[in-house]
Amino acid sequence: MTHPVRVLPNRVDADADSVERDLFKLVLTVIELIRQLMERQALRRVDEGDLSDEQVEALGQALLRLDTAMAELRGRYGLTIRDLDLDLGPLGTLLGD
Amino acid sequence: MGETGSYLYAIAAPVGDEVLGSLRGVAGEPVRAVRHRDLVAVVGTVDVGTDGAFGEETLARNLNDLGWLEAAARAHHAVIDGVARAVPAAPLRLATVVADDDGVRDRLERWHDGLQRALDEIAGRAEWSVKVYAPEAFGPDVDAEPVPAAGAPGSGAAYLLRRKAAATARDDALARATAVAGQVHEELAKHAVDARRLAVQDQRLTGSDTPMSLNGAYLVPADGADAFAATVAGLRDRYADCRFELAGPWPAYSFVTMDEP
Amino acid sequence: MTVAPVRPEGAQIALVDLLDRLLGTGVVLSGDITISLAGVDLVEVQLHALIRSIRAEERR
């Protein structure tokens, strides 16, 4: 069963908390974009097979730590990945394929 | 009322005033006919002055107000629908306003032949919408995965393997959804006079938990509706893990909507 | 010559479907977010042009 989504109002009026939350959301979105790009690149490099086992492990550890850190940051404001997704119209959705 | 304009709803085959008499337009105004040769423009008089709802600045503001937009869209559709139940009608897009009735007649003259062809094309036919939703999401599904503890030996490589598997699964899901959408559309098009694929709708707008893979519009003769529905039912069975939505009959929006040249 | 058989009343068309067909550009979920504090506009974030479709002519 699906439920219709409420469209956001254009004016986000604030108290300090919600200003912080919205700026946070923007920042997290950019970071999430970079994280996903790095992950995709890393997977490509691993596929190409030009990395040593140690490099693969180090790369994986770094991405894993980043993933954990991002999840924690999102959790602070109760944001999911879907919440961060920005639609840029003709440029396509910012996150994901 | 300040300066007025003629708001165009549809251009139709000859239709009587008794059909139009019961209809009300986007501004609650009565709807009337502007006749020229064998065509009828269905029109309402609206306020296009500075303070009017259809004045340039106010209109821009109104169109960005979802509440206003929804009310206007439904009223616009109700007029078209009311006319289309009686005669073939080519809908105009929302907020097509012409200076006055002379301007309306002028357009009827200019577009006459094209319009006649369009009306012949949709006579006795209706639009049906078929939407297909993929069985699974194919965006990044990071939230669904529990993030494991970093630091354990081998956990980095294992993490990459998992991410790789997730990426592959996503790609496969997207490829399958695309293929199914193509097959469904091709099959449905065989059972319709005309068919169009519209842009799929954003999940956040529809509230769906999975992405839409097909947003198809099909022009079906009135007496072919049951057979069309049966075709959809057959496709539902064949692609049982996808969700299908059939809606209609609607005026033939996707096949003859008039754009200003 | 009727276009369609009797259809069930109350089976309303989804707004998204209507707007897809009635607007020239279709529906895009986006907008400008203005972040204000104490009634003062501080930051305007333009994500994308709002829904626009104005076909108007000769209104002057």
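These numbers come from a predicted model, not from an experiment. In what follows, every chain begins at residue 1, and chains take the letters A, B, ... in the order their sequences are listed.
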J.: Atom CZ in B:Arg74, atom CG in C:Leu18: separation rounded to 0.5 Å?
T.: 5.5 Å

J.: Is it the backbone or the side chain of B:Asn215 that comes under 4.5 Å from a heavy atom of chain C, or both, or neither?
T.: side chain

J.: Let me know if B:Gln201 has heavy atoms under 4.5 Å from chain C in its side chain, its backbone, both or neither.
T.: side chain

J.: Taking only residues two or more places apart in sequence, or in another chain, which ones meet B:Ser129 in a side chain to side chain donor-acceptor pair (under 3.5 Å)?
T.: B:Lys131

J.: Show the nearest heavy-atom pair for residues B:Arg93 and C:Leu22, with the distance to one decimal.
T.: CB-O, 3.2 Å

J.: Can you tell which part of B:Ala73 gets under 4.5 Å to a heavy atom of chain C, answering side chain, backbone, both or neither?
T.: both

J.: With sequence neighbours left out, write down each residue that passes ring pair (Phe, Tyr, Trp, His ring centres under 6.0 Å) with B:His185, or none if nothing qualifies.
T.: B:Tyr218

